[in-house]
Amino acid sequence: MTDTPTVLVVDFGAQYAQLIARRVREAKVFSEIVANDLTAAEYAAKNPAAIIFSGGPASVNVNGAPVIDPGIYDLGVPILGICYGAQLIAKQLGGTVSRFEAGEYGRTAMHVHPGGRLLAGQPAEQNVWMSHFDCISEVPDGFTVTASTINAPVAAFESDHICGVQYHPEVSHTPFGQQVLERWLDVSGIARTWTMANVIDDQIAAVRAQVGSGRAICGLSGGVDSAVAAALVHEAIGAQLTCVFVDTGLMRKNEGEQVVETFQKTQGIELIHVRAGDEFFAKLAGVTEPEAKRKAIGELFIRLFERAAGGIEDARFLVQGTLYPDVIESGSKHASTIKSHHNVGGLPEDMDFELVEPLRDLFKDEVRAVGSALGLPDEIVWRQPFPGPGLGVRIIGEVTPDKVAILQDADLIVREELHRAGLDRQIWQSFAVLPDIRAVGVMGDERTYGYPCIIRAVTSEDAMTADWARIPYEVLETMSSRIINEVPGINRVAYDITSKPPGTIEWE
Ligand code: XMP
């Protein structure tokens with residue numbers, strides 16, 4: 001994003017940095033997260049239009065608390081400090097941060113003083129979201145206090161080009177928070193023009209420059225990231241791109257066909273469709289242990305992918321749907337390797353390709369917006385995360401074609417009913433699991449002996465933690481009766497009410 005004005009978000013160790021970056025982008029300014037230990041010259045070299053210091057869990061008065069090169073204040077670049085970031089500015093520029101009688105956590109009433117620039121036009125009395133114990137008791141010379149609360153005499157302060165807020169404007173619980181960020185961008189003179197249309201144009205140009213007249217391949221997993229990456233690269237280089245879709249036979253009902261339909265028929269992308277269900281079932285025969293199953297699926301997947309890719313002569317570039325959170329997690333913006341958790345167990349490291357990663361600056365919701373703008377259907381753009389080994393880890397015990405067919409039918413009913421209830425976009429993942437046990441039941445006059453099926457539906461932000469979704473009883477009831485009536489082989493339905501931790505999202 002070379003010519004785009006960029007706001008750097010300096011990360012002081014809270015989970016808020018990503019949220020701040022996303023909010024700045026929602027205000028139509030590109031932003032990226034940077035570490036707090038660069039020198040002022042290194043920050044300057046990134047040519048920021050403005051800089052935000054994020055919150056953080058430490059106290060600025062504790063030894064070893066993160067600081068920033070004070071040279072940053074002399075760069076003349078507008079700076080906004082949030083929570084810890086605000087306290088750090090106060091302390092480093094000669095103010096005082098002290099421990100007051102009480103901290104403030106959660107919704108807090110704040111009074112805005114007249115005359116400030118940042119909070120101009122906002123209600124004098126408003127609620128903000130706080131999370132601090134220390135507070136700024138004296139602002140540095142040249143600063144004025146522009147808001148306060150009962151326990152924070154300095155809830156906001158500013159000088160000519162530096163501002164700080166003790167509260168969290170980035171969280172949705174601060175009603176005027178987004179307005180603060182937008183106002184700050186405006187008073188900092190930053191044009192708010194970054195849109196998904198610009199992103200697409202920039203990335204098309206970048207991909208063309210990188211690939212030239214070369215050939216690129218892209219492994220489609222059926223997931224959102226590889227789908228959007230492929231669509232974008234296809235827009236840039238057309239027939240120089242070939243996609244490889246290794247169809248394991250372990251996808252959800254109709255999803256394999258939909259990948260082929262969308263890419264080959266609608267988007268006109270050259271697609272090698274490796275129909276490998278039989279090979280996967282042969283390899284999985286008699287395998288019951290979860291890790292052994294994952295390994296078997298992963299190895300075969302790679303072999304088939306390599307075989308298909310090897311048939312594409314002169315392919316030098318590998319398109320990957322790496323996203324911004326993957327880049328941040330891998331620690332360095334420049335050192336991305338072939339995504340280790342990509343698809344089934346990752347592609348081998350010795351594959352000799354140059355990576356093309358057109359989504360590496362984007363968050364998931366932005367990737368979805370790009371996908372929609374490129375004409376991908378909602379079924380793909382809003383697809384839930386799906387494990388590379390697919391239904392192989394949702395069938396406990398041996399995986400057979402019969403069990404996959406049963407599970408696909410039950411799983412489709414779960415999806416259909418959540419969609420009908422309008423709940424699908426609030427739920428992170430929802431699916432059915434087929435355990436390796438049988439239960440006795442009675443249907444009509446007949447005793448049955450069939451599989452139970454377990455419905456799993458979770459809410460989550462990032463899959464690191466998750467909670468079971470409070471699906472209304474009526475929706476669960478419809479799912480249960482439809483599954484039992486419509487899926488031969490299943491005679492009982494249970495709902496998994498385990499959070500993560502202690503459970504995982506998947507069953508294997
Ligand atoms: P767990 O079950 O560990 O899953 O709570 C966390 C998230 O990761 C997904 N998952 C996978 N994704 N390959 C993937 O690409 C895999 O082998 C794999 N295993 C689990 C899971 O669906 C959830 O979103």
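Counting starts at 1 for both ligands and their atoms, following the listed order. The structure displayed is predicted, hence computed values, not measured ones.
- Evaluated for a side-chain contact (heavy atoms from CB on, under 4.5 Å) with L80, the options V9, L181, I51 yield exactly one hit, L181.
- For the pair R438 and Y451, the cation sits on the ring face: its NZ or CZ lies under 6.0 Å from the ring centre, inside 45° of the axis.
- For ligand 1, the atoms closer than 4.0 angstrom to any heavy atom of K500 are 1 (P), 3 (O), 5 (O), 6 (C).
- V171 has its side chain within reach of Y16: a pair of non-hydrogen atoms, C-beta onward, lies under 4.5 Å apart.
- Between atom 21 (C) of ligand 1 and the options M464, E508, E506, the minimum heavy-atom separation is to E506.
- In terms of N/O distances under 3.5 Å, ligand 1 is approached by R294.
- Taking the ring axis of W468 as reference, the NZ or CZ atom of R470 stays within 45° of it and closer than 6.0 Å to the ring centre.
- Below 4.0 Å from some heavy atom of P389 lie the following atoms of ligand 1, by number and element: 13 (N), 16 (C), 17 (O).
- An N or O contact shorter than 3.5 Å is missing between P385 and ligand 1 by distance.
- The aromatic rings of Y324 and F363 stand perpendicular to each other, their planes meeting at an angle above 60°, with 30° marking the opposite boundary.
- If you number the atoms of ligand 1 from 1 as listed, the ones under 4.0 Å from a heavy atom of T504 come out as 1 (P), 2 (O), 5 (O).
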